[in-house]
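Take a look at the structure set out below.
Chain identifiers are assigned alphabetically (A, B, ...) following the order of the sequence lines, protein sequences preceding nucleic acid strands; residue numbering begins at 1 within each chain.
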2 protein chains.
Amino acid sequence: MDAPNVPDVIHLASPCTSYSGRVTKRSEGARGRLSRDVIVACAIALADAEGLEAVTIRRLAQEQGVTPMAMYWHFSDKDSLLDGMAESLVAAVKLPEPTDQPWDEQLHGILAAFLDAIRPHPAVAGLALRRILTSPSGLALAEQALDLIRSAGFSDEWAAQAGSFLLCAVITLVGSQPGGAGHVLEGEARDQMLREKRAAMAALPPARYPNVLAAAPWLVACPDEDAYYALNLRLLVQGIKGIQPVAPA
Amino acid sequence: MDAPNVPDVIHLASPCTSYSGRVTKRSEGARGRLSRDVIVACAIALADAEGLEAVTIRRLAQEQGVTPMAMYWHFSDKDSLLDGMAESLVAAVKLPEPTDQPWDEQLHGILAAFLDAIRPHPAVAGLALRRILTSPSGLALAEQALDLIRSAGFSDEWAAQAGSFLLCAVITLVGSQPGGAGHVLEGEARDQMLREKRAAMAALPPARYPNVLAAAPWLVACPDEDAYYALNLRLLVQGIKGIQPVAPA
DNA sequence: ACCTGAACACCGTTCAAGT
DNA sequence: ACCTGAACACCGTTCAAGT
C-alpha cells in the first residue's frame, strides 16, 4: 500500500518466523535449503501473523528470497500447498493413549488433543475441514474417535455421521471464537474494531434485544478463551452421550 | 477455459438463475434494473451452481450484462457484497413462534429453522459465520436463542458462549456434510470424485483402520442427508442440555 | 443517479530455458 | 534436481468521465 511499484528484490531478506517461534532467515546463510516443510512452516507462520489471505505463492517466494515459480517445483499448485498446511496442523495432534476410562471421557481427551493442536493457528484451522481423512495423522485421529464411539453402541452409520461432525465442530470452535480468529490484527487496529463492535451493540434498541445485550460482553470478544473452549468441548461430548443408542455395561 | 481472450460482450445475454428457481435474463428486456437485491440473488445462484470462488465482481457484471465497475455503485467493495449474500441467507430464516414447550425443544426448533434456511446454499453458508450479529434477522435469531438458553438457568457468559457456538455449529453442519458441500459439481465429475475417494479408502490397511473402513460409506458421501442433519441437530441440543447448570422447574 | 473506459497492482500458472 | 524469465489470463479497485 505504502510503496507501490517496488520490485520484489527489496524484501529479499525478510525473516520468516516459523510457527514454533524460531526465526528462519534465508538471506545469505541458508541459501539453497528450500524444501516442502520449510515452505509449509513459513506459510503457517504467515497465516498466523497476517491471515490466510496473505498466504500467496508470490508472497511466500519473496519471503524465501526466491522466484514465485520456484514454489512449483515443491508443490503442484496452490491447493497442494494448502493441503500441506492442513496436514502439518493435524500432524501436531498428540493423541492420548487408550485407557480404561469411560468412552466419553476418552473421547473428550481426543477432541481436546485435536483442539490443542489447531488452537495456535486459527486462520489455518478451517483448511483441515475437508482434509482430515487424507493424511495419516488425521486418519489416526478419526480411527481412535470412531473406535470409542462405536464401543458405546453406535451403528457404523451414526458413528460416521456424528464422529465426522464432532471433529468439524472442534475446528469451528477455534475458527468462530467470538474475539475474531481470523487476522489477529495488531493492538491498535484490534482495539478500534472492538470499540466499533461494542458501539454497534450499544446502539441496539434494548427493549427488542435484551438477551443479546446481556450477552454482549462475551459476544464481541472472548475474555476467557479457556472457559469458552472448555464449555463447548463439554457440550459436544455431552451431546453425543445424549444420543447414545444403548446403555453401556 | 475454452475461449480465452473473448471480450465480455459475448456473454451479455447469459441468464441469471435466481436462487428461488426463477430465471432472470437481462439481455434486452430488463435493461436498467440493476439493484443490490438482484446482484445478491445472482451471486448466491452463482455460488450454488459453481462454488463461492466463482463469485467474482467481473463475472457477476458479465452475468448482468454490465461493466465490472457498475458493481461499485451498489457495493462499496467485494466484502460488502459478501455481507449482502450472508444477510440474504439469514433473512430467509422462518423463526418459529414461542410456545410453552420445554426450552430445549424450542431451541431445537430455532436451530432447525436456521438449518433449513442455509441448507440450500452450502457454498454460501460459511459467510454467515461472523455476520450473524450484524443483520436484523441474525439478531432476532440470536435474541430468541439466547432467551431460551438463559431461561434454562445459564449465566449470561455461558449463554453467550454456548449460544454463539451452537449457531456456528449449525453452519458447520451444512458446510462439512460428508458428501462435499462446496462446488456441487456435475454428475460426471462428481461420480469420478466419489470413485477416487472410495478407492483411497479401499487402499487403506484394514488392520490399522478397521473403524474408519467400517464407517467409510458414510464418510465419503452422505447417502441420507436428512438423517445426518437430524442426528447432529439432536446432538447439539442434547449437548447444551447436558451442561445445564440448574434443573428447570 | 447510474454506468463506462482506461489504468494499476495484484493473483495463479505455463512453458521454455538455464545450471 | 532445482530454479529463473517472460508471458498469459485472470483478480479487485481507483479515478475521471460520460449521460
Euclidean distance, A:Ile39 CD1 relative to A:Cys42 SG, rounded to 0.5 Å: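 Spacing of SG (A:Cys42) from CD1 (A:Ile39) equals 8.5 Å.
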Atom pair OG/CG of B:Ser164 and B:Leu129 - distance to nearest 0.5 Å: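 Going from the OG atom of B:Ser164 to the CG atom of B:Leu129 covers 10.5 Å.
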What is the separation between atom [atom1] on [X] and atom [atom2] on [N], rounded to the nearest whole Å?
X	N	atom1	atom2	result
B:Leu81	D:dG12	CG	C1'	12 Å
A:Phe75	C:dT13	CZ	P	13 Å
B:Arg59	D:dC10	CZ	C1'	13 Å
B:Ile57	C:dC3	CD1	C1'	15 Å
B:Glu53	D:dA9	CD	C1'	17 Å
B:Met69	D:dC11	CE	C1'	13 Å
B:Met71	D:dC11	CE	C1'	15 Å
B:Arg36	C:dA1	CZ	P	17 Å

Nearest of [options] to any side-chain atom of [X]?
X	options	value
B:Thr67	C:dG5, D:dT13, C:dT13	C:dG5
A:Tyr72	D:dG12, D:dC3, C:dT13	C:dT13
A:Thr56	C:dG12, D:dG5, D:dT13	C:dG12
A:Lys78	D:dC2, C:dG12, C:dC3	C:dG12
A:Arg58	C:dT4, D:dT4, C:dC11	C:dC11

OP1 or OP2 of D:dC3 under 4.0 Å from side-chain N/O of A:His74: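 Checking D:dC3 against A:His74, a side-chain N or O does come within under 4.0 Å of OP1 or OP2.
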Pairing annotation in dot-bracket form, given for DNA chain D with Watson-Crick or G-U pairs under 3.5 Å and | for cross-strand partners: ||.|||||...|||||.||
Does [X] reach the side chain of [Y], with side-chain heavy atoms less than 4.5 Å apart?
X	Y	value
A:Arg59	A:Glu50	yes
B:Trp218	B:Tyr228	no
B:Glu143	A:Arg208	no

Check: B:His74 main-chain N/O paired with B:Arg36 side-chain donor or acceptor under 3.5 Å: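 Yes, B:Arg36 side chain to B:His74 backbone: donor-acceptor pair under 3.5 Å.
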Side-chain donor-acceptor contacts of residues 131-139 of chain A below 3.5 Å, not counting sequence neighbours, with atom names and distances?
residue	atom	partner	partner atom	Å
A:Arg131	NE	A:Leu127	O	2.8
A:Arg131	NH1	A:Asp83	OD1	2.3
A:Thr134	OG1	A:Arg131	O	2.8
A:Ser135	OG	A:Gly138	N	3.1

